[in-house]
Amino acid sequence: MQPFIEEFQIEAFQRDLIQWFEREQRDLPWRKDSDPYKIWVSEVMLQQTRVDTVIPYFHQFMEQFPTLESLATADEEKVLKAWEGLGYYSRVRNLHAAVKEVKERYGGKVPDSAEEFSKLKGVGPYTTGAVLSIAYGLPEPAVDGNVMRVLSRIFLVEEDIAKVKTRKIFENIVRMIISHENPSYFNQALMELGALICVPGKPACLLCPVQAHCRAFAEGRQEELPVKTKKAKVKEVSIAAAVVMDKRGRILIHKRDQEGLLANLWEFPNCEVGKEQPQKELTAFLKKEYGACVELNSPFAALEHVFSHLVWNIVVYCGTIMGDIAETDRLKLVSEQEIQQLAFPVSHQRIWKEYKQFKQEGG
DNA sequence: AATACGTGGAT
DNA sequence: TATCCAAGTAT
């Protein structure tokens, strides 16, 4: 890489890349203005998430929380609901906390220094570079998976991009080649190129605006890069869940712990169970944890829910609550209407859907 | 450094 | 069907 960087035509590369971006960039909703708040929200939504998935969420979020101030003063329940289904929910809890911090400490203006902006919750090296370059035009590297793939090919970098520290190698490369005239377009163009042309698997090198600058293409090795080790198989967990109703027709729901998996989202009461006596274990759990005395019927559904790092095998029971339950902040009896107002993870939306279907069929 | 943290689309 | 993955961050 070292000898190659010396003969690398930096200015020609910048020109070829940025001119291509000016021609070919997609019309995306967060590219309509450079409000740092909007750029920030889009970057958080886009973390580990596809553009096509983000677009409708971004529109809805901006309608509901059009300004940093409006998000800062919103109830967390509403904020989580706006994120429902997007995944990695700590992103939005961190964003909410960070926006409050900006309102309090910086008078509502998103900091324009890496030093200050990167201290905010949920703001890491990528988001720092993305917001500072795109919203403020500062020459900071914004290295995501696209950029690592593109640059690993252009400079024939064979470091394992699955390792977190490898990102620094690419940040250093970007610092050497970034356009100081237009850091925003430079960074976005690198990512756009990774998304449209320099894709995983079989890149469209014949359409690539920087083909002439690419060392991997010159050596016919573009499909060998980037190097990325794969992760081990995920763990499977057996879960028993309960959709139980009191005599007034209200459903029992529970708010999950404030940290960890699906933090602060609502769920139907459930616990991890063994293969032997899941129904018995669930009944005992409901009594012990929630003081709920319930009679469960036979399970009406079984579903598999796959996360990035584990699999839930869920068996779902319905049943009746006998006697009274003491409601708390995290334990509620709600109508079917109220369920629609609260944020549930997709796994529990599926449980609810199965339940409705079961009832419809006369269960 | 390695792992936790979601979801749905692509191949 | 299986695997990979998509604009990462926190711990």
Side-chain angles (χ1 to χ4, degrees), chain A residues 21 25-26 28-31 39-58 80 83-95 97-98 117-131 133-135 140-151 160-168 170-171 174 184 187-196 198-202 223 226 228-235 237 256-265 267 304-312 343-350:
Chain A
F21 182 70
Q25 65 167 296
R26 290 167 292 180
L28 300 174
W30 45 88
R31 288 180 176 163
I39 304 296
W40 184 8
V41 170
S42 74
E43 292 301 342
V44 174
M45 285 186 170
L46 286 161
Q47 290 168 10
Q48 299 292 286
T49 310
R50 286 187 159 72
V51 165
D52 289 343
T53 302
V54 167
I55 289 172
Y57 281 90
F58 182 80
L80 280 173
W83 207 266
E84 183 184 54
L86 247 194
Y88 286 152
Y89 300 94
S90 68
R91 288 184 293 176
V92 79
R93 291 186 302 107
N94 286 151
L95 175 64
F117 185 63
S118 64
K119 283 181 184 159
L120 296 166
K121 282 190 182 173
V123 177
Y126 166 75
T127 306
T128 299
V131 171
S133 65
I134 298 171
E140 293 289 327
V143 175
D144 69 341
N146 289 126
V147 172
M148 290 196 284
R149 182 172 58 255
V150 169
L151 295 180
D160 181 2
I161 67 165
K163 296 189 186 302
V164 178
K165 76 172 196 180
T166 301
R167 192 200 65 249
K168 289 179 189 281
F170 294 101
E171 285 176 348
V174 172
S184 168
N187 280 340
Q188 291 186 76
L190 232 31
M191 293 188 274
E192 194 81 340
L193 189 66
L196 300 181
C198 195
V199 295
K202 296 189 183 305
E223 289 179 28
K228 186 178 187 180
T229 56
K230 17 207 146 232
K231 45 186 157 187
K233 213 172 64 175
V234 301
K235 184 174 69 173
V237 178
R256 294 177 60 88
D257 191 83
Q258 59 181 296
E259 53 186 35
L261 183 65
L262 307 172
N264 280 358
L265 297 190
E267 66 181 0
E304 178 189 73
H305 189 81
V306 180
F307 296 90
S308 51
H309 62 302
L310 63 90
V311 176
W312 277 353
F344 286 74
V346 170
S347 49
H348 285 259
Q349 292 173 36
R350 289 189 176 148

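From a predicted model like this one, the values you see are computed outputs, not experimental measurements. These values consider heavy atoms only, across backbone and side chains, with no hydrogens, waters or symmetry-generated copies. Throughout, a chain's letter reflects where its sequence line sits, starting with A, and its residues are numbered from 1.
Residue ring and nucleobase are not stacked for Phe307(A) and dG6(B) under a centre distance beneath 5.5 angstrom and an angle between planes beneath 30°.
For the pair Leu261(A) CG and dA4(B) P, the computed distance is 11 Å after rounding to whole Å. Arg167(A) has its CZ atom 9 Å from the C1' atom of dG8(C), to the nearest Å. Here the C1' atom of nucleotide dC5(B) and the CG atom of Asn94(A) are 11 Å apart, to the nearest Å. What separates CG of Asp144(A) from P of dC5(C) is a distance of 14 Å, to the nearest Å. In this structure, the CE atom of Met45(A) is 14 Å from the C1' atom of dT7(B), given to the nearest Å. Following rounding to the nearest Å, Lys202(A) (NZ) and dT11(B) (C1') show an atom-to-atom distance of 11 Å. Distance Arg93(A) CZ to dG6(B) P: 8 Å, rounded to the nearest Å. Between the CG atom of Leu86(A) and the C1' atom of dT9(C) there is a distance of 16 Å, rounded to whole Å.
Between Phe117(A) and Trp40(A), the ring-plane angle classifies as perpendicular under the 30° and 60° cut-offs.
Contact of Ser308(A) with dG6(B) (side chain to base): a donor-acceptor pair of N or O atoms is detected under 3.5 Å. For Thr49(A) against dG6(B), a side-chain N or O and a base N or O form a donor-acceptor pair under 3.5 Å. No N or O donor and acceptor, one from the side chain of Tyr126(A) and one from the base of dG8(C), sit under 3.5 Å apart.
Taking only side-chain nitrogens and oxygens, Tyr89(A) comes nearer than 4.0 Å to OP1 or OP2 of dT7(B). Checking the phosphate oxygens (OP1, OP2) of dA2(B), a side-chain nitrogen or oxygen of Lys163(A) falls inside 4.0 Å.
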Take Leu46(A) and Phe58(A) through the test side-chain contact (heavy atoms from CB on, under 4.5 Å) and record every step on the way to the result.
-> CA-CA 10 Å; Leu46(A) 286 161; Phe58(A) 182 80; over 6 Å; no
Would you sort out whether Trp312(A) and Phe307(A) count as a ring-ring contact (aromatic ring centres under 6.0 Å, His included), showing the intermediate values?
-> CA-CA 8 Å; Trp312(A) 277 353; Phe307(A) 296 90; 4.8 Å; yes
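Here the separation of dA2(C) from dC5(B), taken at their P atoms, is 24 Å to the nearest Å. Spacing of C1' atoms, dA1(B) relative to dA10(C), comes out at 14 Å, to the nearest Å.
Side chain of Arg91(A), nearest nucleotide from dG6(B), dC4(C), dG8(C): dG6(B). Each of dT9(C), dC5(B), dC5(C) was ranked by its minimum atom distance to the side chain of His309(A); first place goes to dC5(B). Relative to the side chain of Val164(A), the nucleotides dT7(B), dA2(B), dG8(C) differ in distance, and dA2(B) lies closest. When distances run from any side-chain atom of Leu262(A) to the nucleotides dG8(C), dG9(B), dG6(B), the shortest one goes to dG6(B).
Comparing Leu265(A) and Lys165(A) against DNA chain B, the residue whose closest nucleotide sits nearer the 5' end is Lys165(A). Annotation: of the two residues near DNA chain C, Ile134(A) and Leu120(A), the 5′-most nearest-nucleotide partner is Ile134(A). Of the two residues near DNA chain C, Glu43(A) and Lys230(A), the one whose nearest nucleotide lies more 5' is Lys230(A).
Counting any heavy atom pair closer than 4.0 Å across all strands shown, Gly194(A) reaches no nucleic acid atom. Within 4.0 Å (heavy atoms only), Leu28(A) reaches at least one base atom of the nucleic acid. Within 4.0 Å of Trp83(A), counting heavy atoms only, lies no atom of the nucleic acid at all. No engagement by Ser42(A) is indicated, since no non-hydrogen atom pair under 4.0 Å with the nucleic acid exists. Residue contacts shown for Arg31(A) include a base, since a base heavy atom lies under 4.0 Å away. Nucleic acid contact for Val44(A): none, since no nucleic acid atom lies under 4.0 Å from a heavy atom of the residue. As judged by a 4.0 angstrom heavy-atom cut-off over every strand, Gly85(A) is placed among residues touching the sugar-phosphate backbone only.
For the pairing with Phe170(A), the side chain to side chain contact (heavy atoms under 4.5 Å, CB included) check across Ile161(A), Val150(A), Asp144(A) returns one residue only, Ile161(A).
Side-chain atoms of Glu267(A) and Ser347(A) include no donor-acceptor pair closer than 3.5 Å.
Between Leu265(A) and His348(A) the shortest side-chain heavy-atom distance does not fall below 4.5 Å. Arg91(A) has its side chain out of reach of Gln48(A): every pair of non-hydrogen atoms, C-beta onward, lies at least 4.5 Å apart.
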